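Treat the numbers as computed from the prediction; the structure is a model and nothing was measured. Side chains are part of it too, since the values below use all heavy atoms of this structure and drop only hydrogens, waters and symmetry mates. Both counts, for ligands and for their atoms, begin at 1 and track the order of listing.
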Amino acid sequence: MCGIVGAVAQRNIVPVLVQGLRRLEYRGYDSCGVAVIVDGVARCARSVSRVADLEQKILDSQLLGETGIAHTRWATHGAPVTHNAHPIFSHETIALVHNGIIENHEILREGLCENGYKFVTQTDSEVIAHLIYSVYKNDLFAAVRAAVKQLHGAYAIAVFSTDQPHLVCCARGGSPLVVGLGKSENFLASDALALAGSTNRLIFLKEGDVVELTLDRVRIADCNGDLVQRQVHTVNTYSSAVELGPYQHFMHKEIFEQPRAISDTIAHIDAFDPELFGAGARDVFNKIDSLLILACGTSYYSGLTAKYWLESIAKIPTQVEIASEYRYRDSVPNHRSLVVVISQSGETADTLAGLKHANELGHLHTMAICNVEGSAIVRLTALRFLTHAGTEIGVASTKAFTTQLVALFVLSVTLEWLRGHADSSLLAQHLKQLRHLPAALNSVLSLEPQIIAWAEEFSSKENVLFLGRGMHYPIALEGALKLKETSYIHAEAYPAGELKHGPLALVTEAMPVVTVAPNDMLLEKLKSNIQEVRARGGQLYVFADADTRIVNDEGLHVIRMPEHYGLLSPILHVVPLQLLAYHTACARGTDVDKPRNLAKSVTVE
Ligand code: G6P
């Protein structure tokens with residue numbers, strides 16, 4: 001959601017700050033701003049529109065500076081209006097940007113007001129600026145260290161003081177921050193992606209770190225206030241993640257990256273060894289009698305799909321729950337259950353809170369399936385499996401979803417084996433299928449021209465219904481989610497057997513019905529559902545496996561999937577639905593990578 005960039009240099013740093021903000025745009029925001037020091041005075045530009053608008057304002061006002069901080073804000077406390085946009089000031093001396101939420105802001109505000117401080121924003125962040133000012137005595141590093149001790153909640157902050165040019169401080173407490181080392185210049189950001197192109201020498205800050213950056217020095221104090229050295233990482237992968245290459249949108253690029261992402265995710269797997277999930281996993285897997293999966297959004301749908309695998313092949317009872325529901329309801333903890341949290345970002349507030357809630361209830365075993373090493377969720381779980389999708393920028397998740405499914409399939413097979421339901425030849429067969437998956441996905445991606453033709457037809461529709469059965473029902477849900485979030489067409493998904501219990505009433509020529517039709521044991525049932533739609537004049541669009549004998553006919557449009565893929569079929573069938581959503585959105589001219597009102601990482605409730 002919110003994003004931070006900061007820099008000190010001996011050149012105009014504003015273009016670096018703006019480029020950093022552009023790279024953070026994908027996370028979602030509703031206002032943005034930048035502040036620099038010019039001759040001992042802070043100058044600032046803000047916008048409640050896009051970063052491009054901020055850039056224009058910067059050009060118009062000829063804003064230049066060698067020390068600066070910048071921010072994209074997702075409003076929580078206070079509306080997304082100009083005066084609430086960061087940077088936020090105290091006494092025109094301290095400028096601050098903040099990610100996260102300060103839980104004790106009201107009490108701090110009361111104390112500051114009693115001491116004569118005037119508040120001009122409705123943000124919780126303003127208390128931090130005033131707190132720093134209240135203890136500032138020409139040593140910003142010391143003031144920030146003193147001030148953050150009073151904060152409860154989550155924060156990543158960057159601060160400058162107008163009377164200390166070429167110096168920026170930052171602090172991390174619950175929200176990520178990275179420092180970038182340059183030559184006689186230094187940088188900071190909430191996401192390493194923002195610094196791609198400026199430096200590849202990065203320090204990933206630890207919880208409680210407070211940092212002072214000057215032109216040629218970076219000083220870090222840890223949570224105890226002791227000066228410490230942190231490891232410097234050379235990271236080159238971020239630059240390619242932020243380049244579109246031949247693609248027009250990141251969503252399109254990321255759909256086509258899926259064969260590579262899956263190869264990378266399974267590269268180290270030679271056997272279904274419990275240790276793939278961390279040291280001690282075998283012991284935990286032998287103790288558990290069930291799974292409780294918690295997640296949000298697309299990650300929730302990967303959990304729903306996995307339930308079919310876990311119960312059918314590993315024969316282990318599995319409950320899948322939306323994290324925001326779980327955290328607020330009374331539930332009965334089972335101490336022999338493994339709590340699995342699934343998250344692309346590892347920072348989603350509800351998933352994190354769901355995990356903490358499970359811990360508070362006394363759950364003993366936790367595991368993360370996550371795409372971001374070192375993220376909050378990974379840090380809080382004993383076991384983990386990292387997917388290697390690479391940075392995902394499009395708000396609509398694609399490659400993160402299919403790699404999560406791969407991870408969950410590996411988990412299912414590992415439990416199948418440990419629980420005595422698979423022999424070595426079955427394991428070898430599963431492994432062979434996994435390894436062939438990237439090639440199978442490439443064949444599915446070659447269906448794109450046919451899908452583009454369908455997308456043209458869909459672009460004029462207002463409602464679309466998706467149907468699936470069994471483990472392809474969650475895939476229908478994911479297809480509907482992809483279409484609604486990218487094209488703004490109302491879409492919903494049903495298990496096909498439920499048609500006659502309601503959605504059939506909606507079927508007319510005007511509403512396309514998309515059906516996922518794998519060649520599995522439910523095929524004949526699905527064919528009956530297809531006839532129910534046709535008999536009512538509905539237009540069916542079917543992704544059918546070979547040998548299903550579903551062929552083009554009046555009211556029945558068929559795209560043939562290259563091969564039937566057994567248990568892993570959901571991973572293949574979701575890809576045409578991603579492409580259908582993407583091309584429909586393009587035909588409608590929406591902002592595909594940054595759909596309105598949505599954010600990539602939902603770090604607030
Ligand atoms: C947001 C994103 C979705 C994502 C969901 C969960 O809604 O737009 O793409 O599926 O958050 O995010 P997570 O990072 O926990 O998987």
Side-chain angles (χ1 to χ4, degrees), residues 1-3 24-30 74 175-176 190-191 193 249-251 254-255 258 261 265 293-306 320-327 339-356 367-381 384-408 474-475 477-488 574 577-578 581-582 585 590-605:
M1 292 185 124
C2 301
L24 298 177
E25 275 192 294
Y26 77 99
R27 297 173 64 88
Y29 66 104
D30 38 38
W74 175 276
S175 300
S190 53
D191 185 329
L193 209 59
H249 298 102
F250 284 105
M251 181 179 178
E254 288 159 6
I255 290 172
Q258 290 179 107
T265 300
I293 298 181
L294 304 173
C296 302
T298 289
S299 298
Y300 169 68
Y301 294 146
S302 73
L304 276 188
T305 311
V320 189
E321 193 156 345
I322 289 175
S324 56
E325 287 295 310
Y326 172 76
R327 64 182 286 197
V339 178
V340 180
V341 279
I342 309 172
S343 175
Q344 185 285 126
S345 61
E347 305 286 342
T348 300
D350 282 321
T351 309
L352 193 56
L355 173 62
K356 288 179 180 164
M367 175 194 286
I369 290 182
C370 188
N371 196 36
V372 181
E373 193 170 4
S375 58
I377 282 170
V378 170
R379 287 198 307 272
L380 274 183
T381 46
R384 83 267 334 243
F385 186 104
L386 289 173
T387 52
H388 291 277
T391 308
E392 190 179 66
I393 292 184
V395 165
S397 184
T398 52
K399 60 179 182 171
F401 179 68
T402 43
T403 51
Q404 284 167 354
L405 287 177
V406 164
L408 288 158
I475 296 307
L477 285 166
E478 172 62 4
L481 175 65
K482 285 288 89 85
L483 188 70
K484 80 180 86 161
E485 62 186 349
T486 59
S487 73
Y488 314 149
V574 76
L577 303 186
Q578 296 167 343
Y582 170 72
T590 59
D591 193 351
V592 182
D593 284 334
K594 298 185 282 288
R596 67 182 177 211
N597 309 334
L598 299 182
K600 180 74 189 157
S601 296
V602 184
T603 51
V604 294
E605 208 183 320

Inset, instruction - Drop me the distance from L405's CG to T265's OG1, to the nearest 0.5 angstrom. - result: 11.0 Å
Inset, instruction - Tell me the residues surrounding ligand 1, counting only those with a heavy atom closer than 4.0 angstrom, sorted by chain and number. - result: C296, G297, T298, S299, S343, Q344, S345, T348, V395, S397, A599, K600, V602
Inset, instruction - Quickly, which of I475, T387, L481 forms a side chain to side chain contact (heavy atoms under 4.5 Å, CB included) with F401? Name it, please. - result: I475
Inset, instruction - Measure from the side-chain N and O atoms of Q404 to the backbone N and O of I342, and report whether any donor-acceptor pair falls under 3.5 Å. - result: no
Inset, instruction - Mark yes or no for whether S487, through its side chain, and K484, through its backbone, hold a donor-acceptor pair below 3.5 Å. - result: no
Inset, instruction - From the options Q344, K600, E392, select the one residue that forms a side-chain hydrogen bond (donor to acceptor under 3.5 Å, both in side chains) with S397. - result: E392
Inset, instruction - Indicate whether any N or O donor in one side chain lies under 3.5 Å from an N or O acceptor in the other, for T398 and Q578. - result: no
